[in-house]
Amino acid sequence: EASPRLNYGLAITGGEDGRVVGSASLNIMSAENREAEIGYTLARNEWGKGYATEVAGALLDYGFNQLQLHRIRATASPLNLKSQRVLEKIGMKREGILRQNILMRGVWRDSVLYAVLESDRE
């Protein structure tokens, strides 16, 4: 209900029965700078079926084409090479490591930062 809307949360459905297999989001980080972050998570038994690539690509398309964003970023665990590959496959570029930016189960963890600019997609 926020205007302008800053957060878009989606269910990822799959299979012939349309069951929920994960979730995805696009969050506006700075309306002034036209920057957003995308993210997705899938049930482990749904990995490798193309859902992540499809939803991440759709979020980029929506962000650039409908929301007129300038930059969209995403992060992945340095250990999650498959998720990093998804981000590269949809045209995102690795920008670096965010050192100890997430506290998970009492342990600080790094993230790999990816981003794509509207000019990268022209």
Using a 4.5 Å cut-off on heavy atoms from C-beta on, say whether the side chain of [Y] contacts that of [X].
{"X": "Val116", "Y": "Leu60", "value": "yes"}
{"X": "Leu59", "Y": "Leu10", "value": "yes"}
{"X": "Met29", "Y": "Arg73", "value": "yes"}
{"X": "Val20", "Y": "Ile12", "value": "no"}
{"X": "His70", "Y": "Leu117", "value": "yes"}

Could you work out, with side chain to side chain contact (heavy atoms under 4.5 Å, CB included) as the rule, every residue matching [X], not counting sequence neighbours?
{"X": "Arg94", "result": "Gln84, Ile97, Val112, Tyr114"}
{"X": "Ser83", "result": "Tyr40, Ala76, Asn80"}
{"X": "Asn101", "result": "Leu98, Ser111"}

Going by side chain to side chain donor-acceptor pair (under 3.5 Å), name the residues that satisfy it together with [X], two or more places apart in sequence or in a different chain.
{"X": "Glu46", "answer": "Arg19, Lys49"}
{"X": "Arg121", "answer": "Asp61"}
{"X": "Asn33", "answer": "Ser30"}
{"X": "Glu54", "answer": "none"}

Which atoms form the tightest heavy-atom contact between [X] and [Y], and what is the distance?
{"X": "Leu26", "Y": "Gly63", "answer": "CD1-CA, 4.1 Å"}
{"X": "Ala56", "Y": "Val86", "answer": "CB-CG1, 4.3 Å"}
{"X": "Ala74", "Y": "Met92", "answer": "N-CE, 3.8 Å"}
{"X": "Ala36", "Y": "Leu69", "answer": "CB-CD1, 3.5 Å"}

Nearest 0.5 Å, what's the CG-CZ distance between Asp120 and Arg71?
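Going from CG on Asp120 over to CZ on Arg71, the span is 10.0 Å.
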Separation of Leu67 CG from Tyr62 OH (nearest 0.5 Å)
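Interatomic distance, Tyr62 OH to Leu67 CG, rounded to 0.5 Å: 5.0 Å.
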Taking Asn7 for the side chain and Asn27 for the main chain, is one N or O donor matched with an acceptor at less than 3.5 Å?
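Not confirmed, Asn7 side chain does not pair with Asn27 backbone.
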Any residue meeting ring-ring contact (aromatic ring centres under 6.0 Å, His included) with Phe64, in chain and number order, not counting sequence neighbours:
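Applying ring-ring contact (aromatic ring centres under 6.0 Å, His included) to Phe64 gives none.
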Residues in salt bridge (charged side-chain N to carboxylate O under 4.0 Å, His left out) with [X], at least two apart?
{"X": "Arg34", "result": "Glu118"}
{"X": "Lys89", "result": "none"}
{"X": "Glu88", "result": "none"}

Test question: given the 4.5 Å side-chain rule for I, L, V, M, F, W and Y, name all other residues clustered with Trp108, or answer none.
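Its cluster partners, ordered by chain and number, are Leu103.
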Exactly one of Asp110, Leu113, Ile38, Leu87 should register a side chain to side chain contact (heavy atoms under 4.5 Å, CB included) with Thr75. Which one does?
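It is Leu113, the one option of Asp110, Leu113, Ile38, Leu87 that forms the side chain to side chain contact (heavy atoms under 4.5 Å, CB included) with Thr75.
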